[in-house]
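Working notes, structure below.
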Protein chains: 2
Amino acid sequence: MTTMVDVAKLANVSNATVSRVFSNPDAVSKDTKEKVLKAAEELNYELNVLARNLRRMKTEVIMVILPDISNSFFSKIVRGIESVAMKNNYKVLLGDTKNDLDLEKEYLKNLDQKYADGVISLTARIDAELIKEISDKFNMVLACEYIDEESIPTVSINNVEGAYKATEHLINLGHEKIVHISGPEDVILSQDRIKGYKNALNEYNLSVDADLIIEGDFSYKSGYNIMSKLIKFNKTPTAVFADSDQMAIGAIKAIKEHGLKVPEDIAVVGFDNIEIASIYEPSLTTISQPMYKIGVKAMQLLLDLMGNKKIENNKIQLESKLIIRDSCGYKSR
Amino acid sequence: MTTMVDVAKLANVSNATVSRVFSNPDAVSKDTKEKVLKAAEELNYELNVLARNLRRMKTEVIMVILPDISNSFFSKIVRGIESVAMKNNYKVLLGDTKNDLDLEKEYLKNLDQKYADGVISLTARIDAELIKEISDKFNMVLACEYIDEESIPTVSINNVEGAYKATEHLINLGHEKIVHISGPEDVILSQDRIKGYKNALNEYNLSVDADLIIEGDFSYKSGYNIMSKLIKFNKTPTAVFADSDQMAIGAIKAIKEHGLKVPEDIAVVGFDNIEIASIYEPSLTTISQPMYKIGVKAMQLLLDLMGNKKIENNKIQLESKLIIRDSCGYKSR
DNA sequence: CTGTTAGCGCATTCAG
DNA sequence: CTGAATGCGCTAACAG
């Protein structure tokens with residue numbers, strides 16, 4: 001293995017100079033720089049990141065913790081994160097929790113070992129205390145999911161508003177019995193969406209029926225199961241608002257299997273606008289989240305945090321949008 | 001920051017002993033171990049991975065290079081990799097090339113900097129020379145995609161066989177004019193599948209028409225475009241075999257838009273068996289690849305490689321399977 | 001602009 | 001089983 005010392009010898013300069021050429025080239029004269037670069041080239045020298053990391057006490061690595069990398073909602077966000085990270089010379093370490101709270105905790109706790117300079121978590125289901133504690137001593141930003149804590153930088157959409165828009169859309173289409181298949185209740189985002197759903201009903205003078213709010217887990221399967229049960233027990237609504245496109249599609253599948261039609265018999269709205277939403281048939285009316293942009297913003301926030309920049313606004317809310325497709329039908333005039 | 005020295009002082013032992021407690025605990029007596037652990041606990045000591053890495057000249061990190069993390073085919077593989085990596089105390093660094101060859105090259109070349117102990121590449125589109133060169137001096141395994149090179153450990157399915165099965169299925173259903181929407185030609189896997197496709201036709205005494213083999217890029221959109229053109233120019237086949245589920249679904253979308261039906265007018269077979277294949281309507285007949293398992297095997301191979309174990313078989317082929325669903329119809333009897 | 005020097009925190013010889 | 005000593009390869013004062 002060739003080191004800086006070797007290069008320094010060959011180039012007839014000190015190792016400090018070689019170091020400068022690679023970490024602060026502007027501080028070296030053009031001539032010496034060339035000399036050094038030539039020597040490095042000749043020796044096939046490559047900077048040893050390990051040594052640099054120890055010396056600088058940083059890794060140029062950030063970690064992303066998420067519930068499931070094979071879920072396209074999250075992987076799209078990761079893409080946004082990665083693209084910004086790369087431009088800023090950061091590498092991205094993956095922490096897939098497989099929806100396991102213990103794993104989530106483990107990933108977060110191990111951060112002390114300094115294998116990453118910062119973390120972006122797309123899940124925040126372990127106790128808020130612990131999350132707060134970690135964010136106090138470590139550069140951390142939350143994205144998508146969040147907790148009720150002033151101090152932690154967070155990127156998300158306004159979920160109350162998003163759910164409001166979805167519900168309102170169904171109301172405007174003439175629906176009064178609207179089932180809301182929600183996300184897990186221990187996630188604040190689900191609570192916010194329930195709020196938005198209720199707000200819309202209230203606004204339009206429709207009664208809120210607690211039985212119509214049913215807890216799912218975002219998965220295709222839970223949407224399917226919940227809808228199947230509703231139909232089986234003769235509680236078929238005229239409309240469904242699901243907290244994820246996957247649950248919405250699961251619900252549609254169940255509806256179809258029972259010989260009913262979407263949107264003619266039951267209208268369905270999803271959430272997220274993942275790729276399949278536009279491809280599925282019927283194409284899915286949904287609330288779109290700017291996944292890629294969430295990733296980008298989260299990484300930028302983390303970059304600021306790690307650079308000790310002042311963060312003027314640590315709660316970034318991005319726009320969600322109602323995307324109207326075929327799964328709800330259209331207003332008759 | 002508390003270091004080993006601090007712990008050593010508090011525990012009244014040498015720092016070497018503290019080090020042993022964390023890296024080779026069996027070499028320390030039970031009593032001292034307890035003493036050290038207690039002191040560490042008291043000081044909230046956390047091992048500094050940076051320093052360990054430099055000293056050991058390894059990172060306990062592996063890198064995964066892939067064309068697109070938001071493509072569920074790849075992210076499923078990553079999940080397999082990650083789960084094995086984690087069990088073995090390796091962390092996973094992500095290298096998303098965005099299908100950009102320059103990025104692929106850059107990721108691969110930078111590996112010299114020692115920020116990872118090994119690499120699994122799910123893409124191998126840059127020149128084979130360079131890949132070979134890198135694999136010579138670095139622990140590397142290829143998965144899914146591969147190159148024609150004896151020495152590089154590779155995990156994949158038998159693509160010739162997979163394509164054969166898909167084509168044979170269509171032939172058995174009575175089709176004679178079968179379009180093959182292939183992957184990019186510079187990828188060996190595409191060439192292998194073309195081989196399989198041709199083999200099947202030959203086997204059943206059907207003529208091979210080069211015009212029926214059309215190059216796509218695995219994307220939904222390319223399937224859509226290719227199929228649209230075929231129909232528009234009156235070259236509508238009775239069956240399509242696409243090299244990815246995404247292209248298959250794109251093709252189906254195009255078929256439907258032209259007022260034709262799947263499978264009644266045109267039968268379609270995909271490849272991969274990604275999640276949407278079973279959810280889409282019509283559900284997709286396809287060749288399934290064991291994505292998760294590919295990841296697992298690839299990581300195990302890399303582990304062997306990094307541990308300098310002898311690798312008896314460096315070309316692992318996993319089983320692909322024909323999954324029959326609705327997109328081809330069923331044999332009439 | 002360049003060189004000298006010190007040491008980041010740990011793992012590993014080698015003695016004992 | 002434990003301790004003393006060394007240095008991994010690099011960066012960052014500091015001085016010139």
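So that the names make sense, note that chain A is the first sequence line, chain B the second, and so on, each numbered from 1. Just so it is clear, the values below take in all heavy atoms, side chains as well, and ignore hydrogens, waters and symmetry mates.
- Between A/Met291 and A/Ser72 the shortest side-chain heavy-atom distance does not fall below 4.5 Å.
- More than 12 non-hydrogen atoms from other residues, nucleotides or ligands lie less than 6.0 angstrom from NZ of B/Lys315.
- Taking the charged nitrogens against the carboxylate oxygens, A/Asp112 and A/Lys137 do have a contact shorter than 4.0 Å, which makes a salt bridge.
- Counting heavy atoms from C-beta outward, A/Ile81 and A/Val296 have side chains that stay 4.5 Å or more apart.
- Extent of DNA chain C lying under 4.0 Å from chain B heavy atoms, first and last nucleotide in 5' to 3' order, is C/dG9 to C/dT13.
- With respect to B/Arg79 and A/Asp96, a salt bridge is recorded, a charged nitrogen being found less than 4.0 Å from a carboxylate O.
- Between D/dT2 and B/Ser29, a contact under 4.0 Å exists linking OP1 or OP2 to a side-chain N or O.
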Below 3.5 Å is the cut-off: list the nitrogen or oxygen pairs between protein and nucleotides 9-12 of chain D, distance only.
unit_1: D/dC10; atom_1: OP1; unit_2: A/Tyr45; atom_2: OH; d: 2.3
unit_1: D/dC10; atom_1: OP1; unit_2: A/Asn48; atom_2: N; d: 3.1
unit_1: D/dC10; atom_1: OP2; unit_2: A/Met4; atom_2: N; d: 2.6
unit_1: D/dT11; atom_1: OP1; unit_2: A/Arg52; atom_2: NE; d: 2.6
unit_1: D/dT11; atom_1: OP1; unit_2: A/Arg52; atom_2: NH2; d: 3.1
unit_1: D/dT11; atom_1: OP2; unit_2: A/Ser19; atom_2: OG; d: 2.7
unit_1: D/dT11; atom_1: O2; unit_2: A/Arg55; atom_2: NH1; d: 2.2
unit_1: D/dA12; atom_1: O4'; unit_2: A/Arg55; atom_2: NH2; d: 3.4

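- Look at B/Lys91 and B/Glu60 and you find no salt bridge, because none of the NZ, NE, NH1 or NH2 atoms lies under 4.0 Å from a carboxylate O.
- With sequence neighbours excluded, no residue forms a ring-ring contact (aromatic ring centres under 6.0 Å, His included) with B/Tyr90.
- B/Lys9 places its NZ atom 15 Å from the P atom of D/dG3, with the value rounded to the nearest Å.
- The shortest distance between side-chain heavy atoms of A/Met86 and B/Glu106 falls below 4.5 Å.
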